[in-house]
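Scroll down for the structure; my scribbles are underneath it.
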Amino acid sequence: MALLGLTSKRRLKSRSQFDRVFDHKCCSRDKYFAVYACPNNEQGPRLGLVVSRRVSRRAVDRNRIKRQIREDFRLSAAGLKELDYVVVARSAALEETGAAIRASLQQHWKRLNKQCGNS
RNA sequence: GAAGUCGGCUGGACAGUCGCUGUGUGUCUUGCCUGCAAGACAUGUGGAGGAAAGUCCGGGCUCCAAAGGGCAGGGUGCCAGGUAACGCCUGGGGGGCGAGAGCCUACGGAAAGUGCCGCAGAAAACAGACCGCCGAUGGCCCCGAUGUUCGCAUCGGGCGCACAGGUAAGGGUGAAAAGGUGCGGUAAGAGCGCACCGCGCCGCUGGUAACAGCGGUGGCAGGGUAAACCCCACCCGGAGCAAGACCAAAUAGGGGAGCAUUGGCGUGGCCCGCGUUGCUCCCGGGUAGGUCGCUCGAGCGUCGCGGUGACGCGGCGCCCAGAUGAAUGACUGUUCUCGACAGAACCCGGCUUACAGGCCGACUUCCUUU
């Protein structure tokens, strides 16, 4: 079936999980995001988000960015390999909406699947 | 109708598809102590704000000792009431602004002490005098009369001098210079005297009080600054849900009883106090992670009663987010006046700040019409 859900199983939760992904040093970045990835043991694609206070002081803005990332991940998840992803937002992401963010994320997914999926 | 003042409400709507999260029900799977736990699926149902914000006050709750005594430190500051409490709110008083509805107000004490007061000005805190006014009185000068021992003395006169001295009315400076206006008075002036206003003190009346009114009395206290130190009155112990409690891997930190009371360490800034460390015996331990705390509450709606009001009391009805790497979204369509500020994180009461618009009520002033 298509993986359209994004339940708590599909999210990264603990600090150790995040650290593992960062330590793997498999990364793709542009002016909106830095996306890290790391293979997991066939748990399906999982997502972690980092939107720091430096991106925007307003909680509303940070929530909006997270929702856009989460939504795109949810819709793309069927085509992704079994990796843990961590998306770190950068301040440029604040200025853009919808389409530009979509396009950027699609690039990242593709690149990381190629780069990290074989290792 | 226009301009304005005050108070309150609201914060796009509808439909479909996919998705997140709490919870009820059902089915299935797994586990075993056979009715519970976990998971999956289906279905029903709830799911950000008026400020959720700033974290500026106040409280609940939790631990620290039960939060206790003293010092230090901090806060508040007209009066009365409301409240769990407040720096909040309500009512009242004083002062200021406005034509008015109304608005603003850190509004205790400067005869306890200390500090500071730029520029200007003669002088800035102690009664002093730069210009000016006067010069009655005393002095000097001039004139006259009388007396004369020819030095001068006495008396009278002078738009005379401004030496002594008297003034603070006027000028000028300033935020501020011994209360203001008028009349009398005087050499000129001055609370020097009087009237009215202001101020202090005393009394009476009204008011719970702040305070107000009236009467009497004193010619009149001496600058400002206390969001400067300070004094007075009242209030305040500290830390915060990462509080704290429980279940529990690795690794090896703990708990109880008895003895010792000196010293070390810790506890809120200090002292007291309290805890701990030391030795002996006994017991099994609690970081990662998880569960609880965690939402039924100083709750919301409505009606009645009391109160000027804040608010209180009672009846009836209702359950209204509980996430935890952190949920409210995405897409499509329709529609309108094209949507601001902005996202719960233990919970309440306030304050402050941000905000596209829209709606309602009360009142004031002006204009027009009947």
Side-chain angles (χ1 to χ4, degrees):
Chain A
M1 68 166 276
L3 289 167
L4 285 173
L6 188 63
T7 58
S8 57
K9 283 185 167 179
R10 293 261 170 274
R11 298 196 294 257
L12 299 184
K13 292 198 167 179
S14 66
R15 178 161 192 90
S16 56
Q17 287 175 314
F18 274 78
D19 287 343
R20 202 167 62 83
V21 176
F22 287 131
D23 288 345
H24 190 64
K25 297 202 191 313
C26 185
C27 166
S28 164
R29 62 181 83 208
D30 62 9
K31 66 174 180 171
Y32 303 125
F33 303 107
V35 184
Y36 296 81
C38 170
N40 57 28
N41 298 319
E42 303 188 347
Q43 311 231 27
R46 296 193 299 184
L47 179 69
L49 295 168
V50 177
V51 182
S52 77
R53 215 171 152 74
R54 220 177 310 161
V55 176
S56 171
R57 287 181 57 78
R58 298 193 309 168
V60 171
D61 294 333
R62 295 197 300 274
N63 278 344
R64 208 193 70 239
I65 293 168
K66 286 194 226 172
R67 282 168 184 153
Q68 283 172 331
I69 297 167
R70 220 179 270 129
E71 184 66 12
D72 189 73
F73 178 82
R74 188 173 71 80
L75 297 171
S76 310
L80 296 179
K81 299 197 174 173
E82 302 203 322
L83 302 171
D84 285 347
Y85 302 88
V86 174
V87 180
V88 180
R90 316 180 73 172
S91 52
L94 183 63
E95 315 299 326
E96 291 299 331
T97 51
I101 285 178
R102 282 286 151 69
S104 164
L105 286 170
Q106 289 299 328
Q107 287 294 318
H108 288 307
W109 304 144
K110 219 179 280 178
R111 212 180 303 162
L112 286 167
N113 272 312
K114 212 178 285 175
Q115 217 179 88
C116 201
N118 302 324
S119 63

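Computed from a predicted structure; not experimentally measured. Naming: A, B, ... by sequence-line order, numbering from 1 per chain.
- Regarding the sugar-base torsion, B:C320 falls in the syn class, its angle being within 90° of 0.
- Atom CD1 of A:I65 and atom C1' of B:G343 are 14 Å apart (whole Å).
- Computed from coordinates, the A:D61 CG to B:C341 P distance equals 10 Å when rounded to whole Å.
- Of the C1' atoms belonging to B:G301 and B:C296, the separation is 16 Å, rounded to the nearest Å.
- Nucleotides B:U205 and B:G174 have their C1' atoms positioned 46 Å apart, rounded to a whole Å.
- When the C1' atom is compared between B:U173 and B:C119, the two are found 11 Å apart, to the nearest whole Å.
- A:R67 comes within 4.0 angstrom of a base, heavy atoms only.
- For the pair A:L47 CG and B:A326 C1', the interatomic distance rounds to 13 Å; values are reported in whole Å.
- Distances were taken from every side-chain heavy atom of A:R74 (C-beta onward) to each of B:A326, B:C18, B:A344; the shortest belongs to B:C18.
- Between the CD atom of A:E71 and the C1' atom of B:C331 there is a distance of 8 Å, rounded to whole Å.
- Across B:U105 and B:C234, the matching C1' atoms stand 23 Å from one another, rounded to whole Å.
- Atom P of B:G100 sits at a distance of 28 Å from the matching atom of B:U369, rounded to the whole Å.
- Residues A:V88 and A:F22 are in side-chain contact: their nearest non-hydrogen atoms beyond the backbone lie under 4.5 Å apart.
- Side-chain atoms of A:D72 never come within 3.5 Å of backbone atoms of A:L75 as a donor-acceptor pair (strictly under, hydrogens ignored).
- When each of A:L49 and A:A59 is assigned the nucleotide of RNA chain B bearing its nearest heavy atom, the one mapping closer to the 5' terminus is A:L49.
- Between the P atom of B:A345 and the CG atom of A:N63 lies a distance of 12 Å, rounded to the nearest Å.
- We find that CD of A:Q68 is positioned 17 Å from P of B:G343, with the value rounded to whole Å.
- Listed nucleotides: B:A344, B:A330, B:A342. Nearest to the side chain of A:R102: B:A330.
- Taking the P atom of each, B:G46 and B:C319 are spaced 12 Å apart, rounded to whole Å.
- When rounded to the nearest whole Å, the span between CD1 of A:I69 and C1' of B:C20 equals 16 Å.
- When every heavy atom of A:S28 is checked against every heavy atom of A:R111, the shortest pair comes out as OG-NH1, 3.0 Å.
- Here B:A51 presents its C1' atom at 15 Å from CZ of A:R58, a figure rounded to the nearest Å.
- Taking atom C1' on both B:G218 and B:U208, the two are 33 Å apart, rounded to the nearest angstrom.
- Look at the C1' atom in both B:A228 and B:G115: the space between them is 8 Å, to the nearest Å.
- The nucleotide whose nearest atom lies closest to any side-chain atom of A:R70 is, among B:A342, B:G19, B:A327, B:A327.
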